[in-house]
Colleague: 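Sharing a structure below in structure tokens format, with a few things to ask.
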Amino acid sequence: MIEPSDKVKRIWKTVVAVPKGKVASYGQIADLAGLPGRARLVGKALGLAPKEMAIPWYRILRSNGQLAFEKGSENALRQKGFLQDEAVVVLNNRVKLDQFGWQPNLADILMKLEF
DNA sequence: GTATTGACTTCAT
DNA sequence: AATGAAGCCAATA
């Protein structure tokens, strides 16, 4: 049976755990997913994620707060729209991590990731 | 088996 | 701030 690797599934689960109105970086997701150093794999996993799965891929961005896509690209605009729907301010293809960066606490992790 | 790629990150210019 | 190189490691070719 062909299915995504466990790592990819872990990534998805972690991404889903990102609260609405917040954003996280690829490296952060990888770290929380138990895959430190696999930031790039996170991006790949999100690309593989089917639309049917409610995966908020748009809440994931680069470590510096910039969208992972080039400004003006279709995906970047789409991501921007989704984020704005969640009250996240996106300016010049960037989000202020100081304001919207997700800082997971122990409770969040225990509740949504571990178990 | 090796080589290249990638929705990344960090350090150095 | 912008650009480049090196590091990183699973997935692809």
Side-chain angles (χ1 to χ4, degrees):
Chain A
M1 161 166 176
I2 305 171
E3 67 178 44
S5 67
D6 293 337
K7 289 164 191 163
V8 169
K9 286 190 274 191
R10 276 244 281 296
I11 290 169
W12 288 345
K13 193 168 174 129
T14 306
V15 171
V16 171
V18 177
K20 180 185 175 193
K22 299 275 184 168
V23 297
S25 73
Y26 292 90
Q28 191 174 0
I29 292 299
D31 198 25
L32 291 173
L35 302 165
R38 268 52 123 203
R40 308 177 83 146
L41 188 56
V42 173
K44 212 162 256 189
L46 293 179
L48 292 174
K51 303 181 184 81
E52 293 75 44
M53 298 184 73
I55 295 179
W57 57 270
Y58 50 85
R59 291 186 191 142
I60 311 305
L61 28 104
R62 297 199 177 189
S63 63
N64 62 349
Q66 281 192 313
L67 303 196
F69 302 104
E70 201 171 327
K71 183 183 178 188
S73 66
E74 306 263 335
N75 275 336
L77 294 175
R78 217 143 54 82
Q79 182 170 20
K80 179 180 171 187
F82 280 124
L83 290 174
Q84 289 179 336
D85 278 350
E86 309 213 335
V88 176
V89 177
V90 180
L91 285 180
N92 194 21
N93 219 72
R94 286 175 140 179
V95 173
K96 291 193 175 188
L97 291 179
D98 291 344
Q99 271 187 312
F100 302 105
W102 179 40
Q103 291 143 13
N105 51 35
L106 185 59
D108 284 338
I109 296 172
L110 290 178
M111 216 168 67
K112 300 175 179 179
L113 300 181
E114 303 295 336
F115 131 6

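Residue numbers begin at 1 in each chain, while the letters A, B, ... track the order of the sequences. All of these numbers come straight from a predicted model, not from anything done at the bench.
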Colleague: List the residues meeting side chain to side chain contact (heavy atoms under 4.5 Å, CB included) with N92(A), not counting sequence neighbours, and say none if there are none.
Modeller: K71(A)
Colleague: In the structure I gave you, are the side-chain heavy atoms of Q28(A) and P104(A) within less than 4.5 Å of one another anywhere?
Modeller: yes
Colleague: For residues 74-88 of chain A, which residue pairs qualify under side chain to side chain donor-acceptor pair (under 3.5 Å), counting only residues two or more places apart or in two chains?
Modeller: Y58(A)-E86(A), R59(A)-E86(A), N75(A)-R78(A)
Colleague: Residues in side chain to side chain donor-acceptor pair (under 3.5 Å) with Q66(A), at least two apart?
Modeller: N64(A)
Colleague: Using a 3.5 Å distance criterion without hydrogens, assess whether the side chain of R10(A) forms a donor-acceptor pair with backbone atoms of V8(A).
Modeller: no
Colleague: Tell me, for nucleotides 7-13 of chain B in 5' to 3' order, what letter each nucleotide earns: B for a base near a protein heavy atom under 4.0 Å, S for only sugar-phosphate near one, - for neither?
Modeller: BBSS---
Colleague: For DNA chain C, which nucleotides open and close the run of contacts to chain A, 5' to 3', at under 4.0 angstrom from a non-hydrogen atom?
Modeller: dG7(C) to dA11(C)
Colleague: Show me the pairs that pass side chain to side chain donor-acceptor pair (under 3.5 Å) and involve residues 93-104 of chain A, at least two apart or across chains.
Modeller: none
Colleague: Do any N or O atoms from the side chain of W57(A) and from the backbone of G47(A) form a donor-acceptor pair under 3.5 angstrom?
Modeller: no
